[in-house]
Amino acid sequence: MRNDLQQTLIDRGTIAQRVRELARQITADLAAEEHDGEITLIPVLTGSIIFVADLIRELPQRMKIHLISASSYPGTATTSQGVKIQETLSNVPDDLTGRYVLVLDDILDSGQTLRAVTRELNTRNPQALKTCVLLRKRRTETVDFPLDYAAFDIPDEFVVGYGLDYDGYYRNLPHLGVLNKDALEQHA
Ligand code: IMP
Ligand code: MG
C-alpha cells in the first residue's frame, strides 16, 4: 500500500503530536467559556474515524458523541459530487439548547459538507457550534468557511490515509499521503 503513495505528506508522529496540541487548545477554549464544561461531539463519518478516536482520548471533558454520516466523493471521484447527509442526522438530539457542540470532520475541501451540517445543526439551538477538521485544503472556497480548528493546512491534492479514503481504500494507512498516478488508474 505504501508503494501506492507518490509522497508521504504527514507522518504518524507529527499527526499524534498535533492532535494532542489541538486537544489542549480545545480544552483551554472551553474552559474560558461560560459553560458547565460538558461537550457534544458530532463526528462526520467515515473519514473522521481515526482522527476522532485519537482526539477524544486527549480530551478530559464529560462528553456525548453522536455520529452522523455524509458523503460527497462517491467511488473513484476525486472532486466533490454534491453533498449527501445520510439520514443519520436523526442520531443527533432535536434540541441542543445549552450544549457546546463540536463538529469533527477529516477534511475541509469545498466546504459543502460542513456548510450543510452546520446549517442543519444551528436550527437545533446549541449554545455554541464549533467546527474542527484534521486537514484544510488550501483553496479559495475554504477561505470563506469559518472553521474554528484545523490541525494542518495542506496543498490542494487528493490525500489518503489516517481515515481518508480513495474508493473506500487506504483508510488504515497510519500516515497521510498523496496517491501516485498508477494507483489512481488501477481503481479507475
Ligand atoms: P467538502 O464537502 O468538499 O469540503 O469535502 C469534504 C469531504 O470530502 C470530506 O469529509 C472527505 O470525506 C472528502 N474529501 C475531500 N477531499 C478529500 C481528499 O483529498 N481525500 C479523501 N477524501 C476527501
Ligand atoms: Mg467525509
Side-chain angles (χ1 to χ4, degrees), residues 1-2 4-12 14-15 18-19 22 41-55 65-89 91-92 101-122 129-188:
M1 250 194 343
R2 188 179 267 275
D4 291 351
L5 294 186
Q6 168 193 304
Q7 184 202 347
T8 296
L9 203 61
I10 309 173
D11 65 62
R12 56 195 299 184
T14 307
I15 299 172
R18 183 69 185 114
V19 168
L22 198 62
L41 295 187
I42 305 192
V44 181
L45 297 176
T46 305
S48 68
I49 52 172
I50 311 220
F51 174 44
V52 169
D54 284 346
L55 183 72
I65 305 176
H66 308 291
L67 302 174
I68 63 170
S69 167
S71 70
S72 51
Y73 285 52
T76 55
T78 56
T79 53
S80 182
Q81 307 292 303
V83 58
K84 282 199 192 67
I85 307 175
Q86 279 78 14
E87 288 315 302
T88 52
L89 271 169
N91 291 343
V92 181
V101 177
L102 182 62
V103 179
L104 297 162
D105 204 356
D106 52 356
I107 186 165
L108 184 76
D109 182 13
S110 72
Q112 281 188 82
T113 306
L114 284 181
R115 251 181 227 112
V117 168
T118 52
R119 192 185 312 120
E120 170 58 36
L121 294 176
N122 259 322
L129 182 62
K130 310 277 181 184
T131 49
C132 173
V133 295
L134 175 71
L135 306 172
R136 170 169 47 198
K137 274 195 199 176
R138 281 192 215 97
R139 324 184 358 175
T140 43
E141 291 98 323
T142 58
V143 175
D144 286 346
F145 189 88
L147 264 185
D148 296 286
Y149 306 97
F152 299 100
D153 282 301
I154 61 162
D156 187 4
E157 294 196 77
F158 198 78
V159 295
V160 296
Y162 197 71
L164 287 92
D165 75 305
Y166 173 61
D167 195 19
Y169 294 104
Y170 304 106
R171 295 195 195 277
N172 56 323
L173 281 176
H175 46 269
L176 283 151
V178 179
L179 280 182
N180 64 34
K181 273 210 178 66
D182 287 351
L184 282 169
E185 277 161 15
Q186 256 174 38
H187 289 267

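Counting convention: from 1, in listed order, for ligands and their atoms alike.
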Subset of ligand 1 atoms that lie under 4.0 Å from at least one heavy atom of Glu157: 19 (O)

Donor-acceptor pair, distance only, cut-off 3.5 Å: does the side chain of Asp156 make one with the backbone of Arg138? no

Restricting to heavy atoms, the pick from Tyr166, Phe158, Tyr170 nearest atom 18 (C) of ligand 1 would be Phe158

Using a 4.0 Å cut-off to any heavy atom of Gln112, which atoms of ligand 1 qualify? 1 (P), 2 (O), 4 (O)

Give the atoms of ligand 1, by number and element, whose distance to some non-hydrogen atom of Gly111 is under 4.0 Å. 1 (P), 3 (O), 4 (O)

Are side-chain heavy atoms of Leu5 and Leu179 found at a separation under 4.5 Å? yes

Before accepting this row, confirm whether a basic side-chain N of the pair Arg136/Asp153 lies closer than 4.0 Å to the acidic partner's carboxylate O. yes

With heavy atoms of Thr113 as the reference, note each atom of ligand 1 found under 4.0 Å away. 1 (P), 2 (O), 5 (O), 6 (C), 7 (C)

Do any heavy atoms of Gly47 fall under 4.0 Å from ligand 1? no

Can you check whether Phe152 reaches Thr14 side chain to side chain, under 4.5 Å on heavy atoms? yes

So do the side chains of Ile10 and Leu135 get within less than 4.5 Å of each other, counting heavy atoms only? yes

Angle between ring planes, Tyr166 versus Phe158, binned at 30° and 60°: parallel, tilted or perpendicular? perpendicular

Structural part of Lys137 in contact with ligand 1, heavy atom criterion under 4.0 angstrom: side chain

Tell me whether Val159 has any N or O atom under 3.5 angstrom from an N or O of ligand 1. yes

Hey, which atoms in ligand 1 end up nearer than 4.0 Å to a heavy atom of Asp105? 10 (O)

Taking everything shown except Arg12 itself, do over 12 heavy atoms lie less than 6.0 Å from its CZ? no

Heavy-atom pairs closer than 4.0 Å: do any link ligand 1 to the side chain of Ile107, the backbone, both, or neither? both

If you count the atoms of ligand 1 from 1 in the order shown, which ones are under 4.0 Å from a heavy atom of Asp165? 21 (C)

Test applied, side chain to side chain contact (heavy atoms under 4.5 Å, CB included); reference residue, Thr113; option that passes from Thr118, Ile107, Asp105: Asp105

For ligand 1, is any non-hydrogen atom under 4.0 Å from Val160's backbone (N, CA, C, O), its side chain (CB onward), both, or neither? neither

